[in-house]
Colleague: 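Dumping the structure here so I can ask a few things about it.
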Amino acid sequence: PLFRSEEAISKIEMTTSEDWDDLKGSSASEVERKAEHISSQIKQKQSTLRSTQDDLKNLTIQVGSKSGQIQQLEYQWKQKQRELEAVEQSIAVLCPDGDFQAAVASLGREIYDKEREFALVSTAADFFQKYHSQLRKRHACPLCERAVGLTDEEQLAAKFLEKIKKAPQMQQKTDQELTRLREKQSKFQAVEPSLKLKSEVSGLKLQIDRLKSEKREQEERVEEMKEIEASVAGIG
């Protein structure tokens, strides 16, 4: 067994043998007084030993509990660390310079500009179609409303038709670019919630370090308690 209290107490009791020898020839009152003193010492040492053993047992349990907590947290930390490494790899692909928030803001501006461009192309196509119709109907410039000759009308109409013809191609190109940018934005949005992993990993590491420090202090206290136990139990 870890603590042999009966043997320890027996050793304590043996320390009183010399005291009993000193009482030979003493009066009854002196014997009684000495007996009470020795009995009190034995009880005090028995109480100290039991208290020390109880404290030592509780500390040993606490150390074991701390070890279990540390092991569990270290397992969680390793898992989170692996997840964080995967996220950081994804971020490195999305923004090689490493500034995630700046890349998100820049991408947002690109999407905004392309959406405006798409809207302008669509609006412009409608205007050129309207201008062409007005030109053919009134034989006048749709912008300044000045009459134009046949040659000028044909040249102006050709320019309007060219713009109208190019509009679908421009819309398609802009739409494709928008699709690409939005897909990239979706990847950023998928990664963004995982950024908190960094703080989670740091938090777990702090918990582990704190528990290890507490465990070391408790282990030192256990050794101190063992020395106290040995000192009390080893008297005589």
Side-chain angles (χ1 to χ4, degrees), residues 72-211:
Q72 183 178 15
L73 284 174
E74 284 181 334
Y75 176 76
Q76 293 177 14
W77 178 82
K78 288 177 182 177
Q79 281 190 317
K80 294 289 184 184
Q81 185 66 30
R82 284 194 293 268
E83 291 176 21
L84 179 60
E85 288 172 359
V87 169
E88 288 176 340
Q89 288 176 1
S90 298
I91 291 175
V93 173
L94 291 171
C95 47
D97 62 355
D99 194 338
F100 185 84
Q101 296 302 332
V104 169
S106 176
L107 181 60
R109 288 191 295 271
E110 283 188 75
I111 291 174
Y112 174 77
D113 290 342
K114 284 295 175 184
E115 286 175 340
R116 287 190 62 192
E117 182 181 329
F118 185 83
L120 286 172
V121 170
S122 300
T123 302
D126 292 339
F127 273 117
F128 286 127
Q129 185 65 55
K130 181 180 178 181
Y131 290 161
H132 183 267
S133 298
Q134 289 177 353
L135 174 67
R136 289 307 193 188
K137 183 178 180 180
R138 299 176 183 176
H139 307 292
C141 175
L143 299 176
C144 65
E145 297 185 352
R146 186 180 60 183
V148 294
L150 181 60
T151 301
D152 290 338
E153 180 179 334
E154 291 300 327
Q155 289 178 349
L156 193 55
K159 289 181 181 180
F160 288 154
L161 288 173
E162 183 180 2
K163 296 289 186 182
I164 295 168
K165 183 178 180 181
K166 286 183 178 180
Q169 295 176 348
M170 293 176 65
Q171 285 178 315
Q172 184 179 16
K173 182 180 178 181
T174 306
D175 187 54
Q176 289 173 346
E177 186 64 15
L178 263 176
T179 300
R180 183 188 68 81
L181 291 173
R182 284 169 178 160
E183 287 176 353
K184 187 175 181 180
Q185 187 181 51
S186 296
K187 292 177 181 178
F188 272 95
Q189 291 170 344
V191 170
E192 193 166 14
S194 301
L195 293 178
K196 65 180 182 179
L197 277 171
K198 194 168 187 177
S199 61
E200 290 179 6
V201 169
S202 298
L204 284 171
K205 188 66 169 62
L206 287 174
Q207 289 185 59
I208 291 168
D209 290 343
R210 177 178 57 79
L211 286 172

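Quantities reported herein were computed from a predicted structural model and do not represent experimental measurements.
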Colleague: To the nearest 0.5 Å, what is the distance between CD on E74 and CD1 on I208?
Modeller: 5.0 Å

Colleague: CD/Q207 to CD/Q76 distance, rounded to the nearest 0.5 angstrom?
Modeller: 8.0 Å

Colleague: Could you tell me whether K205 and D209 make a salt bridge, using a distance below 4.0 angstrom between a side-chain N and a carboxylate O?
Modeller: yes

Colleague: Can you confirm whether more than 12 heavy atoms, excluding those of Q72, are under 6.0 Å from its CD atom?
Modeller: no

Colleague: Would you compute the distance between atom CD of Q101 and atom CZ of F188 and round it to the nearest 0.5 angstrom?
Modeller: 10.0 Å

Colleague: Would you compute the distance between atom OG of S202 and atom NZ of K80 and round it to the nearest 0.5 angstrom?
Modeller: 12.5 Å

Colleague: Could you tell me which residues satisfy salt bridge (Lys or Arg N to Asp or Glu O under 4.0 Å) with E162, sequence neighbours excluded, listed by chain and number?
Modeller: K166

Colleague: Could you give the distance from CH2 (W77) to CG (L84), rounded to the nearest 0.5 Å?
Modeller: 10.0 Å

Colleague: Do K173 and E177 come within less than 4.5 Å of each other through their side chains, counting heavy atoms only?
Modeller: no

Colleague: Donor-acceptor check, side chain of S106 to backbone of A102, threshold 3.5 angstrom: yes or no?
Modeller: no

Colleague: List in chain and number order the residues that pass side chain to side chain donor-acceptor pair (under 3.5 Å) with Q185, two or more places apart in sequence or in another chain; answer none if no residue qualifies.
Modeller: none

Colleague: What's the spacing between E83 CD and E200 CD if we round to 0.5 Å?
Modeller: 8.0 Å

Colleague: Please name the pair of heavy atoms, one in K163 and one in F128, separated by the smallest distance, quoted to 0.1 Å.
Modeller: CB-CD1, 3.4 Å

Colleague: For residues 110-119, which residue pairs qualify under side-chain hydrogen bond (donor to acceptor under 3.5 Å, both in side chains), counting only residues two or more places apart or in two chains?
Modeller: K114-E117, E115-R182, E117-T174

Colleague: Salt bridge check: are R136 and E154 linked by an N-O gap of less than 4.0 Å?
Modeller: yes

